[in-house]
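One structure is given below, encoded as structure tokens.
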Amino acid sequence: MDAGAAARIVAAMEAHVGDAAVALQGCTAIANLASSCDTRCMQLMNAGVGKRIVAAMEAHVGDADVALNGCSAIGKLASSTYVSGQLVRAGADKRIVAAMEAHVGDADVALNGCSAIGKLAFSSTYSEKLFRAGAAKRIVAAMEAHVGDADVAEEGCTAIANLAAGGSDGRREQLMDAGAAARIVAAMEAHVRYPDVVTQGCAAIA
């Protein structure tokens with residue numbers, strides 16, 4: 001990656017934070033760049049992309065394209081506990097939850113939101129913050145709204161499993177009481193022929 005590319009994306013998103021088209025293309029570019037390797041993710045974060053994604057998602061919470069690409073960028077950047085920590089401290093947890101709430105009927109936002117939560121929640125430190133931010137409620141709502149979507153089912157079950165594994169004593173029971181159990185069962189029933197859904201469903205229940 002050109003050393004100046006990330007800096008230019010960050011500068012553009014900061015200068016035009018109110019422009020939805022710039023926010024969309026900036027988040028998309030970051031997501032594409034973050035797909036390559038952990039080293040690149042660190043370079044992007046050091047350039048300040050975390051804060052710019054969060055600002056873009058906050059400024060354009062009603063734009064589904066910005067929401068899904070923002071969530072996608074966060075999920076791809078969350079390649080390590082260190083990067084996840086930077087993202088959560090920048091407010092990524094709250095922005096993902098807000099995006100999923102604003103666009104509960106959009107399967108792509110649901111998919112990318114659940115995926116981002118699952119990756120950030122891989123660390124017990126940040127799973128606690130995600131839970132407090134309302135991530136569990138949004139995962140349950142996404143899985144209910146898109147019960148026929150196998151990808152949402154898989155990522156939703158993965159996110160629930162990671163939230164449960166990284167939480168405090170009693171977290172799994174709290175998740176199940178919040179409706180996660182019913183959604184996991186419904187996902188496994190609807191996608192019984194999809195081994196990835198069934199596997200992640202079992203992991204979430206275990």
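Note: hydrogens, waters and symmetry copies are ignored here, and every other heavy atom, side chains too, is used.
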At what distance, to the nearest 0.5 angstrom, does [atom1] of [X] lie from [atom2] of [Y]?
| X | Y | atom1 | atom2 | value |
| --- | --- | --- | --- | --- |
| S123 | E128 | OG | CD | 11.0 Å |
| D196 | E155 | CG | CD | 9.5 Å |
| I160 | R172 | CD1 | CZ | 10.0 Å |
| K119 | C71 | NZ | SG | 11.5 Å |
| D93 | S84 | CG | OG | 11.0 Å |

Exercise for review: Output all residues satisfying side chain to side chain contact (heavy atoms under 4.5 Å, CB included) with N69, sequence neighbours left out; order by chain, then residue number.
Suggested key: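 So N69 forms a side chain to side chain contact (heavy atoms under 4.5 Å, CB included) with L24, C27, T28.
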Check your understanding: What do you reckon, is NZ of K129 surrounded by more than 12 foreign heavy atoms closer than 6.0 Å?
Key ->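 Yes - once you tally the heavy atoms of other residues, nucleotides and ligands closer than 6.0 Å, there are more than 12.
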Exercise for review: Take atom NZ of K94 as the centre, draw a 6.0 Å sphere, and report whether it contains more than 12 heavy atoms from other residues, nucleotides or ligands.
Suggested key: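 No, the 6.0 Å shell around NZ holds no more than 12 heavy atoms from other groups.
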Only distances under 3.5 Å count here; give the side-chain donor-acceptor pairs of residues 96-106 to other protein atoms, sequence neighbours excluded, each with its distance to 0.1 Å.
from, atom 1, to, atom 2, distance (Å)
H103, NE2, V61, O, 2.7
D106, OD1, D108, N, 2.9
D106, OD1, V109, N, 3.1

**Study point:** F122 side chain reached by T81 side chain, heavy atoms, under 4.5 Å
**Key:**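 They are not in side-chain contact.
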Practice item. Could you check if a side-chain atom of I184 sits within less than 4.5 angstrom of a side-chain atom of M176, using non-hydrogen atoms only? Key: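 A side-chain contact exists here, since the closest heavy-atom pair is under 4.5 Å.
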Shortest non-hydrogen contact between [X] and [Y], atoms and distance:
| X | Y | value |
| --- | --- | --- |
| S35 | A31 | OG-O, 3.0 Å |
| Y126 | L120 | CB-O, 3.6 Å |
| R89 | Y82 | NH2-O, 4.4 Å |
| N162 | G118 | ND2-O, 2.7 Å |
| G70 | I53 | O-CG2, 3.8 Å |
| I74 | A116 | CG2-CB, 4.3 Å |

**Study point:** Contacts of type side chain to side chain donor-acceptor pair (under 3.5 Å), residue S79, not counting sequence neighbours
**Key:**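 Not a single residue meets the side chain to side chain donor-acceptor pair (under 3.5 Å) criterion with S79.
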Under 3.5 Å, which donor-acceptor pairs link side chains of residues 198-205 to any protein atom two or more places apart or in another chain?
from, atom 1, to, atom 2, distance (Å)
T199, OG1, P195, O, 2.7
Q200, OE1, T158, OG1, 3.0

Considering only distance and modelled atom types, tabulate donor-acceptor pairs under 3.5 Å from the side chains of residues 44-52, sequence neighbours left out.
from, atom 1, to, atom 2, distance (Å)
N46, ND2, M42, O, 3.2

Practice item. Could you note down all residue pairs passing ring-ring contact (aromatic ring centres under 6.0 Å, His included) where residues 178-205 supplies at least one of them, sequence neighbours left out? Key: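 Counting only pairs at least two positions apart or across chains, the ring-ring contact (aromatic ring centres under 6.0 Å, His included) contacts touching residues 178-205 are H191-Y194.
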Exercise for review: Give a yes or no answer on whether the side chain of S115 reaches the backbone of L111 with a donor-acceptor pair at less than 3.5 Å.
Suggested key: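 Not confirmed, S115 side chain does not pair with L111 backbone.
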